[in-house]
Amino acid sequence: MSYALITGASKGIGKSLAQSLALRKFDLLLVARSASLLQQLAGELSATCGVQAHTLSLDLTDPGAVNEVMRWVESGRYEVSVLVNNAGYGLWGNFRDRGPEEINQMLQLNMQTLVNLTYRMIPLLSRQPQSHILNVGSMAGYQAMPTFSLYAASKAFVNTFTRGLSWELRGSPIQVTLLAPGSVRTNFVQRSGMDHLERINHRTAMDPGPLAEEAIRAMLQGKREVMPGFVNRFYVFLIRLLPKSLIEKSVWSIYRKKDHPEPEPHG
C-alpha cells in the first residue's frame, strides 16, 4: 500500500492537492498545524474516495519538525511514493520592519523544512518502482518583489533547487516536479498581511481545485515544471524579456501601501 505525504494539507492548495490525489486512489499522510481541519479532511476523503488518510498535527516552522514527521512515517511503516512539499507562507512589508523571529520562522518553513524533509524522504521514495516529489514554488520566485522580498527570495530558492534536483535524480525511480502557481484564492493574502490587495487578488486569482488537478496530472506525467494558467505563463514570459528595473518598479507600485514612501534612488 502506497501513500502520498502532503505538508500544509489542511486548507488551500494543500487541501486541493490531497483531494486530487485521493480521487486517484492514493492513500494519504496529511501534515499541518490544525488537528481539527486535518481530521475533518481525512474523514471526508476516506468516506468519499475510499482511501486511508492519517494525520499529524505539527508546526513545521519548528526546526525539529522533520524529525517528528520521519518518526511518524517510520513507526507507521508507511510506504510513501509521493512527497508534496506544499507548506509555506509569506511576510509582506518592508524587510527592516519585520522581527528576526518571524523572518527566521518563514525561512525555516519555506526552505529548510522543505530541503530537510526531501533529503530524509529520498531513501524511502527510492524503494518504490516509481515515485514523485512535488515542490510548491511560486511565480514570485522568478523576480524580485519589493515589500515581499524575503518570500520571493525563498521561492526563488525552491524553484531553482527543485529544477536542479530533478536533473540529479534522473535515472532513479524518483521524478521531481515544480509547481509554480501565481495568485490563488486561499487565505494567503490575509496570512501575509496584504489585506489592501484582497480585491485585486479576488479578481485575478485561480481557484485551488483546478490548479491542483493540473499539478497532479503534470506530476504523474513526469513533467519537470508546471505553471497553471495561461496568464501566469505569459507573465513569466514577459518578465524574462523586460528590464528587471521596470518589473520591480511595477511590483512596488502594486504591492506597497499608498502611505509607504517612494524609495530613494540609488546606484
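Fair warning: this is a prediction, and the values are worked out from it, not measured in the lab.
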Hey, quick one: are [X] and [Y] part of the same hydrophobic cluster, counting side-chain heavy atoms closer than 4.5 Å, chains of contacts allowed?
| X | Y | answer |
| --- | --- | --- |
| Leu220 | Val84 | yes |
| Ile103 | Met111 | yes |
| Leu134 | Leu23 | no |

If you take all heavy atoms of [X] and [Y], which pair is closest and at what distance?
| X | Y | value |
| --- | --- | --- |
| Met106 | Ser154 | CE-OG, 4.4 Å |
| Val80 | Gln128 | O-CG, 3.4 Å |
| Val226 | Ala218 | CB-CB, 3.8 Å |
| Ala32 | Ala9 | CB-N, 3.8 Å |
| Leu56 | Leu38 | O-CD1, 3.4 Å |

Any donor-acceptor N/O pair, [X] side chain to [Y] backbone, under 3.5 Å:
| X | Y | value |
| --- | --- | --- |
| Asn86 | Thr7 | yes |
| Thr162 | Asn159 | no |
| Ser20 | Ile216 | no |
| Lys155 | Val136 | yes |
| Asp207 | Gly209 | no |
| Thr113 | Gln108 | yes |
| Asn94 | Arg96 | no |
| Ser166 | Arg163 | yes |

Inset, instruction - I would like to know whether Leu29 and Val69 meet side-chain contact (heavy atoms from CB on, under 4.5 Å); could you show each step before the answer? - result: CA-CA 10 Å; Leu29 301 175; Val69 174; over 6 Å; no

Using a 4.5 Å cut-off on heavy atoms from C-beta on, say whether the side chain of [Y] contacts that of [X].
| X | Y | result |
| --- | --- | --- |
| Val115 | Phe157 | yes |
| Ser16 | Gln19 | yes |
| Ser10 | Leu30 | no |

Inset, instruction - Count the heavy atoms of every other residue, nucleotide or ligand shown that sit under 6.0 Å from CD of Gln221, and state whether that count exceeds 12. - result: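 Enclosed: over 12 neighbouring heavy atoms sit under 6.0 Å from CD of Gln221.
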
Taking side chain to side chain contact (heavy atoms under 4.5 Å, CB included) as the definition, give me every residue that meets it alongside [X], ordered by chain and number, with sequence neighbours left out.
| X | result |
| --- | --- |
| Ala22 | Leu28, Leu45, Cys49, Val51 |
| Ala140 | Ser138, Met145, Tyr151, Ala152 |
| Asn67 | Arg71, Arg120 |

Inset, instruction - Quick one: list whatever passes ring-ring contact (aromatic ring centres under 6.0 Å, His included) with His54, sequence neighbours left out. - result: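 Residues passing ring-ring contact (aromatic ring centres under 6.0 Å, His included) with His54: Tyr3, Tyr78.
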
Working to the nearest 0.5 angstrom, can you tell me the gap between [X] [atom1] and [Y] [atom2]?
| X | Y | atom1 | atom2 | result |
| --- | --- | --- | --- | --- |
| Ser46 | Leu41 | OG | CG | 9.0 Å |
| Ile6 | Ile13 | CD1 | CD1 | 12.5 Å |
| Thr177 | Arg217 | OG1 | CZ | 13.0 Å |
| Lys15 | Leu37 | NZ | CG | 7.5 Å |
| Arg224 | Gln175 | CZ | CD | 12.0 Å |
| Asn85 | Leu109 | CG | CG | 9.5 Å |

Inset, instruction - Mind running side-chain contact (heavy atoms from CB on, under 4.5 Å) on Leu17 and Met219 for me, showing each step along the way? - result: CA-CA 11 Å; Leu17 290 168; Met219 180 194 78; over 6 Å; no

Inset, instruction - Any salt bridge (Lys or Arg N to Asp or Glu O under 4.0 Å) involving residues 165-179? Give me the pairs, sequence neighbours left out, ordered by first then second residue. - result: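 Qualifying pairs, neighbours excluded: none.
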
Inset, instruction - Would you list the pairs meeting ring-ring contact (aromatic ring centres under 6.0 Å, His included) in which at least one residue belongs to residues 7-28, sequence neighbours left out? - result: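 Not a single pair qualifies under ring-ring contact (aromatic ring centres under 6.0 Å, His included).
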
Inset, instruction - Give the C-alpha distance, both sets of side-chain angles, the deciding distance and a yes or no for side-chain contact (heavy atoms from CB on, under 4.5 Å) between Leu117 and Met70. - result: CA-CA 8 Å; Leu117 185 56; Met70 295 308 300; 4.0 Å; yes

Inset, instruction - For Leu58 and Trp72, run side-chain contact (heavy atoms from CB on, under 4.5 Å): C-alpha distance rounded to whole Å, both residues' side-chain angles, the deciding distance at 0.1 Å, then the answer. - result: CA-CA 11 Å; Leu58 190 65; Trp72 177 56; over 6 Å; no

